[in-house]
Amino acid sequence: MPGNFEIDPYDPCPCGSGKKYKFCCRASAPPQAHGKYPIGTVAYYGPDDKTTTKIAAGVIVDEHATPVLERWTGENVANDPAVRQQIKHFFAKNGVKNVVVTEGNLGCPHEEGIDFPVGQDCPLCPFWAGKQGTARRNHADAKSKSLAQLEEEEDFADEFELDEDDEDTQDDYDEIFARVEKIVGPDTEDMGKAMDRIFAHLEANLQLPCEVTGIEDFQWEEPYIVGGWDYEEYDQLKKVQPSYEDKYQLLGISKGEYSEWMLFSGDLAAHVKRVSDGKVFVLGLAELKATDKQSQNYQLLRDYGVWFVNSR
């Protein structure tokens, strides 16, 4: 059963704006609690343990808040890409940081106290007799876990906590744009002139060569990663084509050059050599990040990427 509702910061925002998630709904979401919150939850329901006809998604802002719930129903709801996108959009607009997904169906799609009396079994779903609602307390094989139980598990942090370096804030964006404005000038409306200035700054300050990798999947990889295209074919293509997971030596940058591997027109060209086999490519500089997060190169490339993507 599909269960990946996580949204990478550099994924296209589920709201359909065309911007990256971290620069759209995630950046504009109302301030919430720190740490793992807000948490998104996804629970599956169906007439038995194999057929899913209802998905309930919730957002928990903090440990004391009542979850905000949305529901989707249908015969193919678990595999409907439109439903998956709507759930991601629901999480995105609420600034969800972590997602917990149940393993399999928790119970029938009907609601105790609404569709059937509290404390009784659902008359429409005999499979769940004695296994859900009030009666579930005595069901030894219940699959659901409370949030407290999940937090106590040793692997909870590894699976759902974000790395501190990935927790971008609006203050962080403000600092980035303030640094870039000092380079390009706050009143520079001519993108060409702004690119000239930031290119000169990067060329003068980047310490090359340096190791870089992709921020997110490159454009050619998206049908395989998101669309579920042939994974064996994908593995073969990665041997001759650049992958965002590869590590490269950034050898130089240039302006006014374009290649088939670059996502954005007008981006600076990054001349790289793949570490694993020495193959050379021309990639988009805004799609790359330095692997050494403590280096000056990391901030320079990140500042450029954030500014370029949001200034187009």
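Residues: numbered from 1 along the sequence shown.
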Mark yes or no for whether N297, through its side chain, and Q207, through its backbone, hold a donor-acceptor pair below 3.5 Å.
yes
Under 3.5 Å, is there a donor-acceptor pair between the side chain of N94 and the main chain of F90?
yes
Please determine, by modelled atom types, if D49 and Y44 share a side-chain donor-acceptor pair under 3.5 angstrom.
no
Going by heavy atoms in the side chains, are I198 and Y304 under 4.5 Å from each other?
yes
Side-chain heavy-atom pair V59, I39 within 4.5 angstrom cut-off:
no
Quick one: does E287's side chain get under 4.5 Å of I215's, heavy atoms only?
no
Interatomic spacing from NZ in K88 to CD in Q85 - rounded to 0.5 Å
6.5 Å
Just how far is it from atom CD1 of I55 to atom OG1 of T73, taken to the nearest 0.5 Å?
10.0 Å
Determine the interplanar angle of the F218 and Y248 rings, folded into 0 to 90°, and report it as parallel if under 30°, tilted if 30 to 60°, perpendicular if over 60°.
tilted
Donor-acceptor contact present, side-chain S295 to main-chain Y298, <3.5 Å
yes
Check step by step if side-chain contact (heavy atoms from CB on, under 4.5 Å) holds for H110 and C125.
CA-CA 9 Å; H110 307 101; C125 302; 3.4 Å; yes
Tell me, do V272 and V280 make a side-chain contact under 4.5 Å, heavy atoms counted?
no
To the nearest 0.5 Å, what is the distance between CG (L268) and CE (M262)?
7.5 Å
Taking 4.0 angstrom as the limit, do E111 and K54 come out as a salt bridge?
yes
For D246 and V275, indicate whether the former's side chain and the latter's backbone hold a donor-acceptor pair under 3.5 Å.
no
For the CD atom of Q299 and the CD atom of Q294, what is their distance to the nearest 0.5 Å?
11.5 Å
Taking every heavy atom of R302 against every heavy atom of I176, the minimum-distance pair comes out as NH1-CD1, 3.1 Å
Verify, without hydrogens or angle tests, whether T213 (side chain) and Y244 (backbone) share a donor-acceptor contact under 3.5 angstrom.
yes
If we ignore angles and hydrogens, is there a donor and acceptor under 3.5 Å between the side chains of T53 and E75?
no
Please lay out, stage by stage, how L285 and L202 fare under the test side-chain contact (heavy atoms from CB on, under 4.5 Å).
CA-CA 11 Å; L285 190 64; L202 290 171; 3.9 Å; yes
Set of residues satisfying salt bridge (Lys or Arg N to Asp or Glu O under 4.0 Å) with respect to E70, sequence neighbours excluded
none
Check for a donor-acceptor pair, side chain of N105 on one end and backbone N or O of G107 on the other, with a separation under 3.5 Å.
no
Heavy-atom distance under 4.5 Å between the side chains of V282 and E257, does that happen here?
yes
Could you state the interatomic distance from CZ (F281) to OG (S259), rounded to the nearest 0.5 Å?
10.0 Å
Heavy-atom donor-acceptor pair, T52 side chain to Y45 backbone, under 3.5 Å:
no
E245/K238 ion pair, N-O < 4.0 Å:
yes
Show the numbers, then the answer: is there a side-chain contact (heavy atoms from CB on, under 4.5 Å) between V99 and V42?
CA-CA 8 Å; V99 179; V42 178; 4.2 Å; yes
What's the verdict on side-chain contact (heavy atoms from CB on, under 4.5 Å) for V180 and V306, showing C-alpha distance, side-chain angles and the deciding distance?
CA-CA 10 Å; V180 176; V306 170; over 6 Å; no
For D303 and R179, indicate whether the former's side chain and the latter's backbone hold a donor-acceptor pair under 3.5 Å.
no
Does the side chain of L237 reach to within under 4.5 Å of the side chain of W220, using non-hydrogen atoms?
yes
C108 and C122, any side-chain heavy atoms less than 4.5 Å apart:
yes
Taking the basic N atoms (NZ, or NE/NH1/NH2) and the acidic carboxylate oxygens, is any pair closer than 4.0 Å for K273 and E211?
no
Is it true that D196 and K193 have a side-chain N and a carboxylate O under 4.0 angstrom from each other?
no
Would you kindly say whether Y234 and E221 are connected by a side-chain donor-acceptor distance under 3.5 Å?
yes
Can you find a heavy atom in the side chain of C210 that is under 4.5 Å from one in the side chain of Q249?
no
